Protein chains: 2
Amino acid sequence: MTTTTSPRALEHPTRDQIRLEAVLHALADPVRLRIVCDMAREGTELSCSYFDLPVTKSTTTHHFRVLRESGVIQQMYRGTAKLNALRGDDLDALFPGLLDAVLAAAGAQAGREGEGGRGGGDGVS
Amino acid sequence: MTTTTSPRALEHPTRDQIRLEAVLHALADPVRLRIVCDMAREGTELSCSYFDLPVTKSTTTHHFRVLRESGVIQQMYRGTAKLNALRGDDLDALFPGLLDAVLAAAGAQAGREGEGGRGGGDGVS
DNA sequence: GCCGTACTACGATGCGTATCGTACGAGCAT
DNA sequence: ATGCTCGTACGATACGCATCGTAGTACGGC
């Protein structure tokens, strides 16, 4: 039977199932932290293929799964693509200020290490 | 010379050597997160033996080492004891608000789980 | 000096996970 | 339909790490 709705369902934790340790663990990986920073910077839903990551497709899928199952992002299908969005409201309701602090920290660290060769573009507004 | 040269020297990262990923990774472990929360609650230097952790001494040493090498805590010997203190000022200078957000998040989660279902003594004063 | 306490060092072990390659399924274009 | 692109699933692998036990070192008290 060809279901008209999404044939593949994606499991997400509900808001009260989100665990702080899982979120921190998800954000502790450089690849995933970069994904989250990019998503926050764009502020809109992005497909997986938008990101230019230094790993293969398989690993990318793995990282997105970790982010989704930890409750950091939300995923939904749109045709062949899969859109990703930050669960900023859920995270902020559970852990106020945490996501902002991590994003600011990542930006600060990137700026700190990026300075010294680039001129004019600091990347963080 | 005030003979402050301790017989055992402990290596700490300097402030600008602290990496966000390492800090997040250190905080992502339940045992270490609990240690950090306890230290923040007491606000003073605490010996390793102060903590009542559900792991052996060896594992405790390992966790304290991870916390120290990631830059989250500072350790110094005082006689046979080893005192631990949060590097709150360094962390706040590097990643403003991050430690506070994590501590608040941990407290919120502990409170959330403590009220609804009785389970174990996860005492938070 | 001797012993107890506090912590460390080293080795072993089992589990999680980050990584890859390949094979596959779902949708879109021609 | 054929093929192409996007993403998934599964197996394999290697590394990290949380855990333990035991032996050892430093310091203080008796």
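A, B, ... follow the sequence lines: proteins, then strands. Residue 1 opens every chain. From a predicted model like this one, the values you see are computed outputs, not experimental measurements.
For A:Ala28, the side-chain contact (heavy atoms from CB on, under 4.5 Å) partners at least two apart in sequence or on another chain are B:Leu24, B:His25. In terms of the side-chain hydrogen bond (donor to acceptor under 3.5 Å, both in side chains) criterion, B:Ser58 has no residue partners (sequence neighbours excluded). For the side-chain hydrogen bond (donor to acceptor under 3.5 Å, both in side chains) test, residues two or more places apart in sequence or in another chain that qualify with A:Glu21 are A:Arg19, B:Gln109. With sequence neighbours left out, the side-chain hydrogen bond (donor to acceptor under 3.5 Å, both in side chains) criterion links A:Arg34 to no other residue. Partners of B:Ala26 under the side-chain contact (heavy atoms from CB on, under 4.5 Å) rule, at least two apart in sequence or in another chain, are B:Arg32, B:Val66, B:Leu67, B:Ser70, B:Val72. Every residue two or more places apart in sequence or in another chain was checked for a side-chain contact (heavy atoms from CB on, under 4.5 Å) with B:Glu11, and none qualifies. Contacts of B:Phe64 classified as ring pair (Phe, Tyr, Trp, His ring centres under 6.0 Å), with partners at least two apart in sequence or in another chain: B:Phe51. Not counting sequence neighbours, A:Thr61 has no partner by the side-chain hydrogen bond (donor to acceptor under 3.5 Å, both in side chains) test.
A:Phe64 has its CZ atom 18 Å from the P atom of C:dT17, to the nearest Å. Summarising the geometry, the separation between NZ on A:Lys57 and P on C:dT22 is reported as 16 Å, rounded to the nearest angstrom. When rounded to the nearest whole Å, the span between OH of A:Tyr77 and P of C:dG25 equals 14 Å. Rounded to whole angstrom, the span from the CG atom of B:Leu10 across to the C1' atom of D:dA26 amounts to 13 Å. Atom CZ of A:Arg78 is separated from atom P of D:dT5 by 18 Å (rounded to the nearest Å). Whole-Å rounding puts the B:Gln75 CD to C:dA6 C1' distance at 13 Å.
A sub-4.0 Å separation between OP1 or OP2 of D:dA18 and a side-chain N or O of B:Thr59 is absent. For the OP1/OP2 pair of D:dC17 and a distance below 4.0 Å, the side-chain nitrogens and oxygens of B:His63 include no atom meeting the criterion.
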Between protein and nucleic acid, restricted to nucleotides 9-12 of chain C and to nitrogen or oxygen atoms under 3.5 Å apart, what atom pairs and distances do you find?
unit_1	atom_1	unit_2	atom_2	d
C:dA9	OP2	B:Arg65	NH2	3.0

For residues 95-104 of chain B, which side-chain donor-acceptor pairs fall under 3.5 Å, sequence neighbours excluded?
none

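In this structure, a donor-acceptor pair under 3.5 Å is absent between the side chains of A:Gln74 and A:Arg87.
Residues from residues 42-56 of chain A that place a heavy atom under 4.0 Å from any atom of DNA chain C, listed by number: A:Val55, A:Thr56. Contacts of residues 24-39 of chain A with DNA chain D (heavy atom under 4.0 Å): none.
In this structure, B:Cys48 SG and B:Lys57 NZ are separated by 7.5 Å, a value rounded to the nearest 0.5 Å.
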